[in-house]
Novice: 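This is the structure, below, for whatever I ask next.
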Amino acid sequence: MKKALISAGIGTLLILNGCSNTPNSAATDHPVSTTSSSETADHDSMSMGNEASGGAMHHFSSAEVPAGLQTAQHPQFPVGTIVIMNMDHMKGMKGAEATITGAYDTTVYSVSYTPVTGGEPVKDHKWVIHEEIQNAGQSPLKPGSKIILNADHMPGMQGAQATIDSAQQTTVYMVDYMPTTGGEPVKNHKWVTGDELSAK
């Protein structure tokens with residue numbers, strides 16, 4: 001009799017144990033992601049990478065420009081002109097049709113810097129203008145100059161220490177365009193130079 005009771009008890013335990021494992025097996029079959037939306041956003045931001053190597057920059061819809069920036073009097077491409085972009089600062093830019101939304105005369109620089117948010121150094125970022133450099137003064141700066149950036153074209157740019165790689169006095173343009181890779185339209189992208197554009 002005792003043996004029969006023990007056998008029945010063991011059988012009941014095995015059945016209960018089997019039932020208690022069911023949720024775990026379901027969890028194994030359908031794992032739930034523990035990545036939060038903010039972590040995903042951080043990851044997406046970190047994977048932007050260096051735009052010179054085909055990464056992406058973030059964009060702002062503001063048409064606001066730095067104080068003291070002079071509107072170009074006779075730009076090659078006046079505001080409203082439809083152009084084709086010939087550079088590949090970022091994915092979806094080369095070959096895209098763009099509309100000029102601003103034209104300004106200034107000194108434009110390509111710069112290398114390490115983001116204040118950490119990560120890999122950014123090499124030969126195009127472009128930063130004279131008015132986006134902290135305490136730049138009136139005279140154009142020379143390649144090799146060490147500067148502090150006031151521009152915020154990319155995460156970690158504003159406040160970063162940078163080295164000027166190249167400098168040229170020219171007209172820079174702000175543009176709206178639709179990336180050739182699809183997605184949302186880009187508004188008021190800063191900056192593009194005239195030799196990176198061609199008339200449509």
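Computed from a prediction, not measured in an experiment: that's the story for all the values here. Numbering of residues begins at 1 and proceeds along the displayed sequence.
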Novice: What pairs with E97 under salt bridge (Lys or Arg N to Asp or Glu O under 4.0 Å), at least two apart in sequence or on another chain?
Specialist: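 Expected list: K200.
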Novice: Do L197 and V192 have side-chain heavy atoms sitting under 4.5 Å apart?
Specialist: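 Yes, side chains in contact.
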Novice: Mind listing the side-chain donor-acceptor pairs of residues 155-163 below 3.5 Å, one per line with the distance, residues two or more places apart or on another chain?
Specialist:
unit_1, atom_1, unit_2, atom_2, d
Q158, NE2, N150, O, 3.3
T163, OG1, K146, NZ, 2.9

Novice: Using residues 70-86 as the side-chain source, report each donor-acceptor pair under 3.5 Å to any protein atom, sequence neighbours left out, with the distance given to one decimal.
Specialist:
unit_1, atom_1, unit_2, atom_2, d
Q70, NE2, G68, O, 3.3
Q73, NE2, T71, O, 3.3
T81, OG1, P78, O, 2.7
N86, ND2, S198, OG, 3.4

Novice: Indicate the atoms forming the closest heavy-atom contact of A63 with N188, along with that distance.
Specialist: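 Scanning both residues completely, I find the closest heavy atoms to be N-ND2, 3.7 Å.
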Novice: Is the ring centre of H189 less than 6.0 Å from the ring centre of H153?
Specialist: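 Not close enough - the centres of the two rings lie 6.0 Å or further apart.
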Novice: How many angstroms lie between atom NE2 of H125 and atom NE2 of H89, to the nearest 0.5 angstrom?
Specialist: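 Here the interatomic distance stands at 8.5 Å.
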Novice: Which atom pair, heavy atoms only, marks the closest approach of P115 to V122?
Specialist: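 That closest heavy-atom pairing would be CG-CG2, 4.1 Å.
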Novice: Taking salt bridge (charged side-chain N to carboxylate O under 4.0 Å, His left out) as the cut-off, I'd like each qualifying pair that reaches into residues 165-186, sequence neighbours left out, listed once.
Specialist: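 Non-adjacent pairs meeting salt bridge (charged side-chain N to carboxylate O under 4.0 Å, His left out): zero.
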Novice: Heavy-atom distance under 4.5 Å between the side chains of I148 and I133, does that happen here?
Specialist: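 A side-chain contact is absent here, since even the closest heavy-atom pair is not under 4.5 Å.
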Novice: Could you list the donor-acceptor pairs under 3.5 angstrom formed between side-chain atoms of residues 98-109 and any protein atom two or more places apart in sequence or on another chain?
Specialist:
unit_1, atom_1, unit_2, atom_2, d
T101, OG1, M174, O, 3.0
D105, OD1, T171, OG1, 2.7
T106, OG1, E131, OE1, 2.6
T106, OG1, E131, OE2, 3.3
Y109, OH, H130, ND1, 2.8
Y109, OH, L141, N, 2.9

Novice: Could you list the residues that satisfy side-chain contact (heavy atoms from CB on, under 4.5 Å) with S166, not counting sequence neighbours?
Specialist: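 With sequence neighbours excluded, S166 shows a side-chain contact (heavy atoms from CB on, under 4.5 Å) to S110, W127, given in chain and number order.
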Novice: What pair of heavy atoms forms the shortest contact from M178 to G183, and how long is it?
Specialist: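 Residues M178 and G183, closest heavy atoms: SD-O, 3.4 Å.
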Novice: Does any N or O in the side chain of S112 come within less than 3.5 Å of the main-chain N or O of D124, such that one atom is a donor and the other an acceptor?
Specialist: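 Here the side-chain-to-backbone pair exists.
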Novice: Give me the atom names and distance for the closest heavy-atom approach of V186 to P179.
Specialist: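 Distance-wise, the nearest heavy atoms are CG2-CG, 4.0 Å.
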Novice: Kindly give the heavy-atom pair with the smallest separation between K94 and T180, and that separation in Å.
Specialist: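 Of all heavy-atom pairs spanning K94 and T180, the closest is O-CG2, 3.7 Å.
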Novice: Working note: E132 + W191, criterion side-chain hydrogen bond (donor to acceptor under 3.5 Å, both in side chains); need CA distance, chi angles, decisive distance, verdict.
Specialist: CA-CA 11 Å; E132 294 175 321; W191 304 98; 3.2 Å; yes
Novice: Just verifying a value: how many Å separate M90 CE and K126 NZ, rounded to the nearest 0.5 Å?
Specialist: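 Here the rounded value is 14.5 Å.
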